[in-house]
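Input: a single structure, listed below in C-alpha cells.
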Amino acid sequence: MRRGHIAAVAAAGALTVLATIPAHAAEYSSALKIKGVQYDAPGRDSNNCTTGNTDEEYLTIKNYSSSATVNLKGYVVKDATGNKFTFTKNHTLQPGDYVKLRGGHGTDSDAHNVVYRNNCNFIWNNDKDTIYLYKPSGAHADTHAYTKSANDRDGNGYITYHG
C-alpha cells in the first residue's frame, strides 16, 4: 500500500469512530464540570425579587482537578436560548471545591460556596433545557441537556451529572 492510501484509510477509520460516538457523550478538557442543577425551584415559581424563589434555582459547578486551583472569573454559563451569566469577579475553587450559582440577589461568598446571578428571572426551563459552561477563552468546559421526563426520575427538580 502506498503511504497516501494508508493515510486516507486511517483518516476514514477515525471518522467512522468519531461518527459512532453520540453527541451527548462529548467530554471537554476542563477541570470545571457541571455537578448538578436544581432546574425547578421548590414551590410555585415566582420571580418577584422580594418574595420570589429564584434563589432556590441553582447550578452546582465543581472543580474536579486533583491539584489545580481554578478562578471562575471570565467563565460563562448559558442556557439553550442564550440567557447567560458571566462570572465577573474572582471566585477561587480549590481542588474538589464547588460553587452554587443561584438566581436572585445575595452576597457572593467563597466561604459559603455561593455566587448570585443578581437577576430575579429564572434561567432554567422546568421541562427541558441545555446548560453550557464556557472557559474564559470561549472554549467549552461542559455541556448537558435535560428533559424533566427523562432525567428527573424522582421529580424533585434536581439532576446530578458528574458525581
Side-chain angles (χ1 to χ4, degrees), residues 22-65 68-163:
H24 66 277
E27 279 295 322
Y28 301 102
S29 175
S30 176
L32 292 187
K33 301 266 186 215
I34 299 165
K35 183 176 190 287
V37 60
Q38 180 72 47
Y39 68 91
D40 188 0
R44 186 168 181 249
D45 286 353
S46 171
N47 61 1
N48 181 298
C49 283
T50 306
T51 61
N53 62 341
T54 55
D55 64 333
E56 294 300 316
E57 180 185 86
Y58 59 88
L59 182 69
T60 305
I61 301 169
K62 182 175 177 181
N63 180 355
Y64 285 91
S65 171
T69 298
V70 180
N71 186 346
L72 288 170
K73 187 174 183 178
Y75 274 81
V76 175
V77 173
K78 284 185 178 181
D79 75 348
T81 61
N83 294 311
K84 75 177 189 173
F85 172 82
T86 302
F87 289 90
T88 59
K89 299 177 185 172
N90 291 318
H91 190 91
T92 304
L93 295 180
Q94 302 298 323
D97 202 4
Y98 68 91
V99 65
K100 287 185 177 179
L101 175 61
R102 292 188 175 274
H105 294 279
T107 303
D108 297 351
S109 171
D110 279 339
H112 293 104
N113 296 333
V114 66
V115 171
Y116 287 87
R117 290 189 298 111
N118 290 316
N119 183 322
C120 296
N121 292 320
F122 291 96
I123 191 170
W124 312 118
N125 293 328
N126 288 351
D127 59 344
K128 64 182 178 177
D129 213 333
T130 303
I131 305 164
Y132 303 93
L133 177 63
Y134 294 97
K135 297 177 182 181
S137 67
H140 272 96
D142 202 10
T143 299
H144 291 281
Y146 67 84
T147 63
K148 181 176 185 168
S149 60
N151 304 111
D152 188 5
R153 304 257 185 235
D154 61 5
N156 68 354
Y158 188 84
I159 299 170
T160 300
Y161 296 111
H162 301 277

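The chain is numbered in sequence order, starting from 1. These numbers come from a predicted model, not from an experiment.
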Please enumerate all residues that pass side-chain contact (heavy atoms from CB on, under 4.5 Å) together with [X], with sequence neighbours excluded.
X	answer
D110	H91
T107	none
S137	K135, A139
P136	Y75

What are the two closest non-hydrogen atoms of [X] and [Y], and how far apart are they?
X	Y	value
N156	D154	OD1-OD1, 2.9 Å
S65	P95	O-CB, 3.1 Å
R102	V114	CD-CG2, 3.8 Å
W124	Q38	CD1-O, 4.4 Å
I34	Y161	O-CB, 3.4 Å

Rounded to the nearest 0.5 Å, what separates atom [atom1] in [X] from atom [atom2] in [Y]?
X	Y	atom1	atom2	answer
R117	L101	CZ	CG	6.5 Å
D45	D40	CG	CG	5.5 Å
L32	D97	CG	CG	10.5 Å
D152	T160	CG	OG1	9.5 Å
N47	N119	CG	CG	9.0 Å
K33	Y64	NZ	OH	9.0 Å

Any donor-acceptor pair under 3.5 Å from N53 side chain to P42 backbone: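 Pair found, side chain donor or acceptor close to backbone of P42.
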Donor-acceptor pairs are to be reported for all side-chain atoms of residues 127-134 against protein atoms at under 3.5 Å, with residues two or more places apart or in another chain.
| from | atom 1 | to | atom 2 | distance (Å) |
| --- | --- | --- | --- | --- |
| D129 | OD1 | A80 | N | 3.1 |
| D129 | OD2 | N125 | N | 3.1 |

Min side-chain heavy-atom separation H162-D142 under 4.5 Å: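 Yes, close enough: below the 4.5 Å cut-off.
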V99: which of N63, I61, T92, D108 passes side-chain contact (heavy atoms from CB on, under 4.5 Å):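 Checked N63, I61, T92, D108 against V99; only one passes side-chain contact (heavy atoms from CB on, under 4.5 Å): I61.
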Partner of Y158 under side-chain contact (heavy atoms from CB on, under 4.5 Å), chosen from V37, T60, N151: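 So, applying the side-chain contact (heavy atoms from CB on, under 4.5 Å) to Y158 and each of V37, T60, N151, only T60 qualifies.
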Pairs touching residues 97-119 that satisfy ring pair (Phe, Tyr, Trp, His ring centres under 6.0 Å), sequence neighbours left out: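 Qualifying pairs, neighbours excluded: none.
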